Amino acid sequence: MPPLVVYQNYVHGQYVSNSTGETFEVINPATGQVSYLVETADADIQQSAMASAKSGFAIWSKLTPIERSRILLKAVELLREQNDELAEVEVLDTGKPWQEASVVDVVTGADSIEFFAGLAPSIEGNQQPIGDDFYYTRREPLGICAGIGAWNYPLQIACWKAAPALACGNVMIFKPSEETPRGAMRLAEVFTQAGVPDGVFNVLQGDGRVGAWLTEHEDIAKVSFTGEVGTGKKVMAAAAGSLKDVTMELGGKSPLIIFNDADIENAISAAMLGNFYTQGEICTNGTRVFVQKDIYPRFIERLVERTEQNIICGNPMNPETNFGALISKSHQQKVLDYIEIGKSEGATLLTGGTALQPENCPNGYFIAPTIFTDCNDEMTIAKEEIFGPVMTVLTFESEEEVVRRANNTQLGLAAGVFTQDISRAHRIIHQMQAGICWINAYGASPAEMPVGGYKMSGIGRENGSETLKAYTQIKAVYVGMQPLDSPF
Ligand code: TXE
């Protein structure tokens, strides 16, 4: 058995070794085998990353926006050139199918960097005459930003946080999830190859302790966090100590509403995408599927048919596979526990409900695509984020009823509606207490579109021109053109 590769922290344009020798294992979810080790960012690494970020900021923030844009666009070119290699890294770290990673993960990361690189030169202030005097404003960078990532889209999340931050002249120290360390490392390498100065994008490895150090550090101006609601609360509480700005991209339990007049095959595609794509590990998933009474029998019949016929679970690197492994054994168990709760609370298990052991990946963390019906809003599987391939189907009769029930949650990340009645589509969506909505679609999240949650699902946005403002601060400058008028 060859010795395991040991990856390190990326500081000031290179990999650096820690002093403690502390490492942690990373497991390939599809095989259950340890893929490699990673050195934890110990105190020495943390200090050097902060010093490196300061020196990187001194250079990067002095470039003109168009100079930053050029370098970031070079990084976009490199990401696209390395698409397949980077997609494989994501498959081996996350267990998601190659079929997805090769067309979504790197592409959507590169697109976000391209989008904000294009906006960078448009950052400008205002000027207004005040009599003979005048004032003007400057949009200035914040300084050192921290990015903290979740494990479901490692490279994409790192790109979505770095893109607006760097475009505005900030620098970033990024900590990926300890489950999926490599995507962010590869992004750091690409940034260096593209000419991003050392210290502008450092990557620290480790668990919540490294994340907490970043969140509490007084030299961090802003924290952008992606993860569970519970963790988000901890991050925000820690950030309060030094009054940091925060962006929070948290969990959801989003409604997908299907009316009687919906295109049934399209609606079923949305329900399956919104529960089984990335084996259900997507925060915006439409996991509460509300189906109007008349269409319900036909919807359920076709949904089960397509679920049992069209989902190919197995080795994620096999291009035929469209349904991969969950991130870890403990997460697999957590999802299986939710399935048991669903059964014990009286829901009907229509299909799935068990762990799977595909022939080509017998030791991976797989769960069959699972559908529950005869559900009610009080059930645990209708209220809590499961973050796995478990669909909860509910029925409704009227618009008023479904709007009330869909909104009856502290979460508010996403919502979807399927109907051919265009007025009803907008009427329903305008009443949804959610930040990311789809009409006769589900899941698409282009760089141009701002995404983020209402209520407990988050604060702030990622992507979209809105997000640029979150990475600059406004300085107002008043200019006196006359001798100062003073009573003293
Ligand atoms: O989150 P965790 P996970 C959500 C998704 C689900 C969760 C899954 O809905 O709820 O993310 O990701 C670090 N101080 N989204 O399990 O456990 C930890 O090391 C600072 C929403 O990874 O919260 C990891 O890097 N950091 C999203 C990160 O926090 C801490 C899209 C997240 O860990 C910390 C994708 C602490 N005290 C997933 N404790 C969206 N809305 O767009 C842990 N961490």
Side-chain angles (χ1 to χ4, degrees), residues 24 26 29 38 40-41 46 93-94 96 104-105 108-109 112 146-161 173-181 183-184 203-217 220 223-241 244 246-254 274 277-287 326-328 330-332 334-335 338 384-388 410-414 434-436 443 445 449-464 467:
F24 58 93
V26 179
V38 182
T40 302
Q46 293 170 6
D93 271 8
T94 63
K96 72 171 65 179
V104 172
D105 294 56
T108 53
S112 183
I148 300 173
W151 44 255
N152 59 341
Y153 282 84
L155 176 65
Q156 180 209 71
I157 291 174
C159 290
W160 285 17
K161 293 182 185 307
I173 299 178
F174 187 84
K175 191 204 79 69
S177 168
E178 54 276 31
E179 307 275 5
T180 53
V203 176
L204 296 187
Q205 299 291 359
D207 60 20
R209 288 167 297 174
V210 178
W213 171 77
L214 275 173
T215 316
E216 288 153 8
H217 201 291
I220 296 287
V223 178
S224 178
F225 172 79
T226 296
E228 294 187 354
V229 173
T231 315
K233 290 178 183 175
K234 291 180 197 167
V235 168
M236 193 162 174
K244 290 180 188 24
V246 294
T247 294
M248 295 269 134
E249 294 287 349
L250 305 177
K253 189 72 182 184
S254 302
Y277 203 66
T278 320
Q279 46 290 333
E281 296 166 326
I282 303 178
C283 55
T284 51
N285 271 354
T287 49
L326 276 75
I327 189 69
S328 65
S330 61
H331 187 59
Q332 180 193 38
K334 174 180 165 186
V335 175
Y338 269 111
E384 294 179 18
E385 178 183 60
I386 298 171
F387 218 57
Q410 286 192 324
L411 299 170
L413 192 55
I436 312 167
S445 187
M449 182 170 120
V451 287
Y454 280 23
K455 305 195 280 190
M456 298 293 278
S457 286
I459 293 174
R461 293 295 179 267
E462 290 193 323
N463 289 346
T467 297

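Residues: numbered from 1 along the sequence shown. The structure displayed is predicted, hence computed values, not measured ones. Order of appearance sets the numbers: ligands from 1, and atoms from 1 within every ligand. Just the heavy atoms: all of them, side chains too, but no hydrogens, waters or symmetry mates, feed the values below.
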Which heavy atom of Asn152 sits nearest a heavy atom of Lys96, and at what distance? O-NZ, 2.8 Å
Only heavy atoms of Gly251, strictly under 4.0 Å: list the atoms of ligand 1 that pass. 9 (O)
Checking Gln156 against Thr108: is there a side-chain donor and acceptor pair closer than 3.5 Å? yes
re atom 13 (C) of ligand 1, the protein heavy-atom contact at minimum distance is Ile148 CG2, 3.8 Å
Taking atom 17 (O) of ligand 1 as the reference point, the nearest protein heavy atom with its distance: Thr231 OG1, 4.0 Å
Show me which atoms of ligand 1 lie under 4.0 Å from any heavy atom of Pro176. 25 (O)
Heavy atom to atom 18 (C) of ligand 1, shortest distance: which of Glu462, Lys253, Gln156, Glu178 holds it? Glu178
One finds that the ligand 1 atoms under 4.0 Å from a non-hydrogen atom of Val235 are 14 (N), 20 (C)
Can you tell me which portion of Val229 lies within the under-4.0 Å heavy-atom range of ligand 1? Options are side chain, backbone, both, or neither. neither
If you take all heavy atoms of Gly388 and Leu326, which pair is closest and at what distance? CA-CD2, 4.4 Å
If we only count N/O pairs under 3.5 Å, is Ser457 in contact with ligand 1? no
For atom 14 (N) of ligand 1, what's the nearest protein heavy-atom neighbour? Residue, atom name and distance, please. Ala212 N, 3.5 Å
Could you check atom 37 (N) of ligand 1 against the protein and tell me its nearest heavy-atom contact, residue, atom and distance included? Lys234 CD, 3.9 Å
What about Thr226: any of its N or O atoms under 3.5 Å from an N or O on ligand 1? no
Is any heavy atom of the protein nearer than 4.0 Å to atom 33 (O) of ligand 1? no
Phe225 heavy atoms within 4.0 Å reach ligand 1 at atoms 23 (O), 28 (C), 29 (O), 32 (C)
Looking only at N/O atoms, are Glu228 and ligand 1 under 3.5 Å apart anywhere? yes
Quick one: do Lys334 and Glu385 make a salt bridge, cutoff under 4.0 Å? no
Nearest heavy atom to atom 30 (C) of ligand 1 wins, so pick from Gly458, Gly252, Gly208. Gly208
Considering the heavy atoms of Gly211, write down every atom of ligand 1 situated less than 4.0 Å from one of them. 14 (N), 20 (C), 26 (N)
Which ligand 1 atoms are under 4.0 Å away from a heavy-atom of Ala150? 11 (O), 12 (O), 22 (O), 38 (C)
Would you indicate whether the side-chain heavy atoms of Pro181 and Val26 approach each other to under 4.5 Å? yes
Side-chain contact test, heavy atoms from C-beta onward, threshold under 4.5 Å: evaluate it for Phe387 versus Glu228 and give yes or no. no
Using a 4.0 Å cutoff against the non-hydrogen atoms of Glu385, which atoms of ligand 1 qualify? 5 (C), 6 (C), 9 (O), 10 (O)
Heavy-atom neighbours of Tyr277 OH exceed 12 at 6.0 Å: yes
Do any nitrogen or oxygen atoms of Leu250 lie less than 3.5 angstrom from nitrogen or oxygen atoms of ligand 1? yes
Tell me the protein heavy atom at minimum distance from atom 8 (C) of ligand 1, and give that distance in Å. Phe387 CE2, 3.8 Å
If you measure from each non-hydrogen atom of Glu179 to ligand 1, which part falls under 4.0 Å: side chain, backbone, both or neither? neither
Ile327 versus Pro29, closest heavy-atom pair with distance: O-CG, 3.4 Å
Below 3.5 Å, N or O to N or O, backbone or side chain included: is there any such pair between Trp151 and ligand 1? yes
Protein heavy atom at shortest distance from atom 25 (O) of ligand 1: Gly149 O, 2.7 Å
Does the side chain of Lys161 come under 3.5 Å of the side chain of Ser224 through a donor N or O and an acceptor N or O? yes
Ignoring hydrogens and angles, tell me if any N or O in the side chain of Ser177 forms a donor-acceptor pair with the backbone of Glu179 under 3.5 Å. yes
Donor on one side chain, acceptor on other, Tyr153 and Thr180, under 3.5 Å: no
Return the residue, atom name and 0.1 Å-rounded distance of the protein heavy atom closest to atom 31 (C) of ligand 1. Cys283 SG, 2.8 Å
